[in-house]
Amino acid sequence: QVQLVESGGGLVQAGGSLRLSCTASGRTFNTYGIGWFRQTPGKEREFVAAIDWSGSITNYVNFVKGRFTISRDNAKNTVYLQMNSLKPEDTALYYCAAHSGSGTYRDPNNYNYWGQGTQVTVSS
């Protein structure tokens, strides 16, 4: 089992940056692909980015390409989401999740374990 804890959210002005962290417990962390999702009230959880177990393969949704970067440090059991050039529409609750190993990274139904989320608010 893997427990995930997100951190690094906060309030930032448009154009600013934040780095989110997803820290995991459990010795099998480095066998899981990890995804970041976000959700706003009344909307479905949407895929943002994902990284495979080794860190060599990444996947991004189009609207964050060139602005967000996902990376991982398996020695620290942590996955990062560096978010630059933030926009007010990036405001959401951001979650990280551990992929089941089956199915596309973009489908939240293919993830077994979820963190509680960290709030990102971007002011205009």
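If you're wondering where the values come from, they're calculated on a predicted model, not measured in any experiment.
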- Task: Return the minimal non-hydrogen interatomic distance between Thr78 and Ser21, and the atom names on each side.
- Result: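 So the minimum-distance heavy-atom pair works out to CG2-CB, 4.1 Å.
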- Message: Quick check: closest heavy atoms across Glu6 and Gly117, and the distance to 0.1 Å?
- Response: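 Heavy atoms only, the tightest pair is OE1-N, 2.8 Å.
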- Item | Within 45° cone of Phe29 ring axis and under 6.0 Å: Arg72 NZ or CZ |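 Yes, a cation-pi geometry.
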- Relative to Tyr95, does Arg38 satisfy both conditions: NZ or CZ under 6.0 angstrom from the six-membered ring centre, and within 45 degrees of the ring's axis?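 Pair Arg38/Tyr95 does not count as cation-pi.
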As an exercise, state the distance from [atom1] of [X] to [atom2] of [Y], rounded to the nearest 0.5 Å.
X: Glu46; Y: Thr40; atom1: CD; atom2: OG1; value: 7.0 Å
X: Ser124; Y: Lys87; atom1: OG; atom2: NZ; value: 14.0 Å
X: Ile34; Y: Ile70; atom1: CD1; atom2: CD1; value: 8.0 Å
X: Asn109; Y: Thr104; atom1: CG; atom2: OG1; value: 11.0 Å
X: Ser123; Y: Gln13; atom1: OG; atom2: CD; value: 5.0 Å

- Task: Applying side chain to side chain contact (heavy atoms under 4.5 Å, CB included) between Val120 and each of Leu20, Thr91, Leu93, Leu81, report the one that passes.
- Result: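 When Leu20, Thr91, Leu93, Leu81 are each tested with Val120, the side chain to side chain contact (heavy atoms under 4.5 Å, CB included) holds only for Leu20.
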- Start with the C-alpha distance between Tyr105 and Asp52, add both sets of side-chain angles, then the distance that settles side chain to side chain contact (heavy atoms under 4.5 Å, CB included), and finish with yes or no. CA-CA 9 Å; Tyr105 276 110; Asp52 79 326; 3.7 Å; yes
- side chain to side chain contact (heavy atoms under 4.5 Å, CB included) assessment of Cys96 paired with Leu4: CA-CA 7 Å; Cys96 66; Leu4 304 172; 3.9 Å; yes
Check the hydrophobic clustering (I, L, V, M, F, W, Y; side-chain heavy atoms under 4.5 Å; chains of links allowed) and say if [X] and [Y] are grouped together.
X: Tyr60; Y: Tyr80; result: no
X: Ile51; Y: Tyr113; result: yes
X: Phe63; Y: Met83; result: yes

- Message: Please check if the number of heavy atoms outside Gln3 that lie under 6.0 Å from its CD is greater than 12.
- Response: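 No - once you tally the heavy atoms of other residues, nucleotides and ligands closer than 6.0 Å, there are 12 at most.
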- Might you confirm whether atom CH2 of Trp53 has over 12 heavy atoms from other residues, nucleotides or ligands at distances under 6.0 Å?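 Count not over threshold, so no.
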- Message: Would you say Ser54 and Ser56 are linked by a side-chain donor-acceptor pair, where the criterion is simply a distance under 3.5 Å?
- Response: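 Note: Ser56 and Ser54 side chains meet the donor-acceptor criterion.
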- Query: Quick one: do the Ser17 and Asn84 side chains pair a donor with an acceptor below 3.5 Å?
  - Reply: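 Judged by distance alone, the side chains do pair up.
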- Salt-bridge test for Asp90 and Arg67: reply yes if a basic N is under 4.0 Å from a carboxylate O, no otherwise.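 Yes, this pair counts.
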- For the pair Asn77 (side chain) and Ala24 (backbone), establish whether a donor and an acceptor sit closer than 3.5 Å, ignoring hydrogens and angles.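 At least one qualifying donor-acceptor pair exists.
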- Task: For the pair Ser102 (side chain) and Ser100 (backbone), establish whether a donor and an acceptor sit closer than 3.5 Å, ignoring hydrogens and angles.
- Result: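 A pair under 3.5 Å: no.
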- Message: By the definition ring-ring contact (aromatic ring centres under 6.0 Å, His included), identify the one residue from Trp36, Phe47, Phe37, Tyr111 that meets it with His99.
- Response: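 That would be Tyr111.
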- Message: Do Tyr32 and Val79 have side chains that approach each other closer than 4.5 Å (heavy atoms only, starting at C-beta)?
- Response: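 No - every pair of side-chain heavy atoms lies 4.5 Å or more apart.
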